[in-house]
Number of protein chains: 2
Amino acid sequence: MARKSDVTRPRLSREAIVAGAVALADAEGLDAVTIRRLAQEHGVTPMAMYWHFSDKDSLLDGLAEHLIEAVKLPAPTDAPWDAQLREVLAAFLVAVRPHPALANLTLRRILAAEPGLEIAERVLELLQRAGFTPARGAEVGTFLVCSIITLVAADPSPAPPRPEVDEDQARRDKLARLASLPPERYPRVIAAGPALVACRDGDDYFDLNIDLLVEGVRGVRRR
Amino acid sequence: MARKSDVTRPRLSREAIVAGAVALADAEGLDAVTIRRLAQEHGVTPMAMYWHFSDKDSLLDGLAEHLIEAVKLPAPTDAPWDAQLREVLAAFLVAVRPHPALANLTLRRILAAEPGLEIAERVLELLQRAGFTPARGAEVGTFLVCSIITLVAADPSPAPPRPEVDEDQARRDKLARLASLPPERYPRVIAAGPALVACRDGDDYFDLNIDLLVEGVRGVRRR
DNA sequence: TCAACCCACTGTACGACGTACACGACCCGC
DNA sequence: GCGGGTCGTGTACGTCGTACAGTGGGTTGA
């Protein structure tokens with residue numbers, strides 16, 4: 001097997017594997033994250049991965065944990081609960097947004113490790129302060145976090161392939177298809193076409209919808 | 001190859017394949033939906049599928065379309081926009097909820113066929129009536145639909161395996177893990193444990209969060 | 001009536017995937 | 001110098017999607 005270099009290769013490690021996997025997922029999508037592919041990129045046999053991870057699923061656990069660890073939870077202040085809630089959700093968004101291909105992995109793994117528990121505790125505390133019972137708070141909090149993840153994950157094409165020229169082209173094609181719909185049946189879809197097809201690289205989309213969530217929480221507070 | 005019956009087998013069709021795939025996904029999760037497995041269940045060679053679908057992805061397209069077609073859009077009334085929006089979102093939820101394993105497929109395929117376009121048009125119309133510009137309406141509407149899907153898809157374990165006794169056991173284990181956390185660090189996580197771990201089989205969770213979304217839309221309306 | 005045709009399906013094969021199992025090589029303290 | 005962890009190799013198996021080349025049976029035109 002060809003080594004990465006002729007001299008000694010820097011020892012493999014959990015962290016190095018995870019970092020490589022994250023980079024790979026960012027560049028080519030989650031489907032490109034393969035035991036064999038990662039091994040190859042580290043100049044190593046596929047089976048070498050199994051010393052550091054018991055199986056592929058635990059590798060994905062590692063990726064999710066990596067994302068969740070990156071959340072920089074803002075320090076508690078004496079600002080009102082809704083302002084603080086917005087900050088917490090925004091912090092989560094900021095951490096996850098660079099890795100849309102991995103966002104979905106965090107969906108079911110937030111409560112699996114300490115950093116995620118910290119986030120959950122914080123959200124539940126703010127929701128309790130807002131007047132929710134623990135059960136209601138859990139339901140709302142679960143939904144909030146899931147929504148942030150979806151906000152990020154729902155955006156891109158299933159898996160961004162190599163050339164970003166292609167991606168643009170695909171978007172243009174999609175827009176053209178919308179534009180060619182019968183205008184008497186779908187006037188608003190056509191009018192909104194550019195916004196429906198656009199990639200969410202501005203902050204507007206995220207700001208607006210985080211606001212929507214927080215406003216929603218305020219709205220259902222009394223129940 | 002063994003036929004499903006000794007006598008002539010009823011001709012294969014797109015619809016039959018999709019129906020089988022939906023049933024399979026409901027029973028054993030999306031991972032069980034395999035070209036080979038479907039072929040076997042129809043008493044047919046794997047390659048026979050490729051007469052009806054160009055590849056697996058177009059089969060998944062078919063599944064998504066099947067779900068979206070099932071949405072029973074309520075007739076327009078002269079009720080206020082927010083009440084109607086709630087009805088539309090609820091209708092979407094009702095159609096998707098029986099098939100959590102397939103919900104995510106609809107995320108990027110709503111605008112691919114006519115029934116989905118109809119839904120989009122309707123949502124955009126209501127949002128326009130609420131005072132949103134087409135662009136803003138598109139951003140909010142996209143998020144609303146994605147949220148409904150997430151509401152359904154985020155719930156179950158990755159893929160429900162065979163015995164539902166196991167599923168209950170897994171839930172109990174997870175709850176026990178939460179309960180054994182240090183109470184001084186995670187008091188609210190522990191208090192909310194049952195609600196965090198519970199399966200969302202009651203309507204409460206969905207009703208509450210649809211309300212949250214509609215209230216959120218009302219909240220961000222003026223911008 | 002019979003050859004021609006096409007639809008729906010078969011058969012075989014290939015490369016990629018996750019991973020079980022057995023086997024080294026390296027490095028450490030004793 | 002040597003025995004036992006730590007880390008990695010080599011080989012193999014079963015499963016996946018699917019390319020490509022056949023093939024049989026129903027319909028059709030002469």
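The sequence lines fix the lettering, A, B, ..., with proteins before strands; numbering per chain opens at 1. Below, all heavy atoms of this structure are taken into account, side chains as well, without hydrogens, waters or symmetry copies.
- One finds the CD atom of B:E65 at 12.5 Å from the OG1 atom of B:T106 (value rounded to the nearest 0.5 Å).
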Could you list all N or O pairs between the protein and nucleotides 4-6 of chain C that sit under 3.5 Å apart?
none

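- The stretch residues 111-120 of chain B participates, sequence neighbours left out, in these side chain to side chain donor-acceptor pair (under 3.5 Å) pairs: A:R185-B:E114.
- The line from CZ of B:R122 to CD of B:E87 is 9.5 Å long, rounded to the nearest 0.5 Å.
- Protein atom OH of A:Y50 is 17 Å distant from nucleotide atom C1' of C:dA22, rounded to whole Å.
- Closest to the side chain of B:R36, from the set C:dG11, C:dC17, C:dA13, is C:dA13.
- In this structure, CG on A:L67 lies 7.5 Å from CG on A:L105, to the nearest 0.5 angstrom.
- Summarising the geometry, the separation between NE2 on B:H42 and P on C:dA8 is reported as 15 Å, rounded to the nearest angstrom.
- As a whole-Å value, the separation of B:M49 CE from C:dC7 C1' is 16 Å.
- One finds no salt bridge joining A:R37 and A:D31 here, because no Lys/Arg side-chain nitrogen approaches an Asp/Glu carboxylate oxygen to under 4.0 Å.
- For the atom pair B:S147 OG and B:L89 CG, the distance stands at 9.0 Å (nearest 0.5 Å).
- Between B:T34 and D:dC16 there is a side-chain polar atom (N or O) within less than 4.0 angstrom of OP1 or OP2.
- With values rounded to the nearest 0.5 angstrom, A:L212 atom CG is found 8.0 Å from B:L212 atom CG.
- Going from atom CG of A:L30 over to atom P of C:dG18 covers 11 Å, rounded to whole Å.
- Rounded to a whole Å, the CG atom of B:L38 is 15 Å from the C1' atom of D:dT15.
- The CE atom of B:M47 sits 8 Å away from the C1' atom of D:dC20 (whole-angstrom rounding).
- Here CG of B:N104 is found 14.5 Å from NE2 of B:H99. Values are rounded to the nearest 0.5 Å.
- Applying the salt bridge (Lys or Arg N to Asp or Glu O under 4.0 Å) definition to pairs two or more places apart or across chains, none involves residues 10-19 of chain B.
- B:V71 meets the side-chain contact (heavy atoms from CB on, under 4.5 Å) test with B:L73, B:A91, B:F92, B:A95, B:I119; sequence neighbours excluded.
- Residues of residues 51-58 of chain A having a heavy atom closer than 4.0 Å to DNA chain C, listed by number: A:D55, A:K56.
- Between B:E121 and A:R188 there is a salt bridge, since at least one side-chain N of the basic residue sits less than 4.0 Å from a carboxylate O of the acidic one.
- As rounded to whole Å, 21 Å separates atom P of C:dC14 from atom CD1 of B:I35.
- Within residues 11-22 of chain A, no residue has any heavy atom closer than 4.0 Å to DNA chain C.
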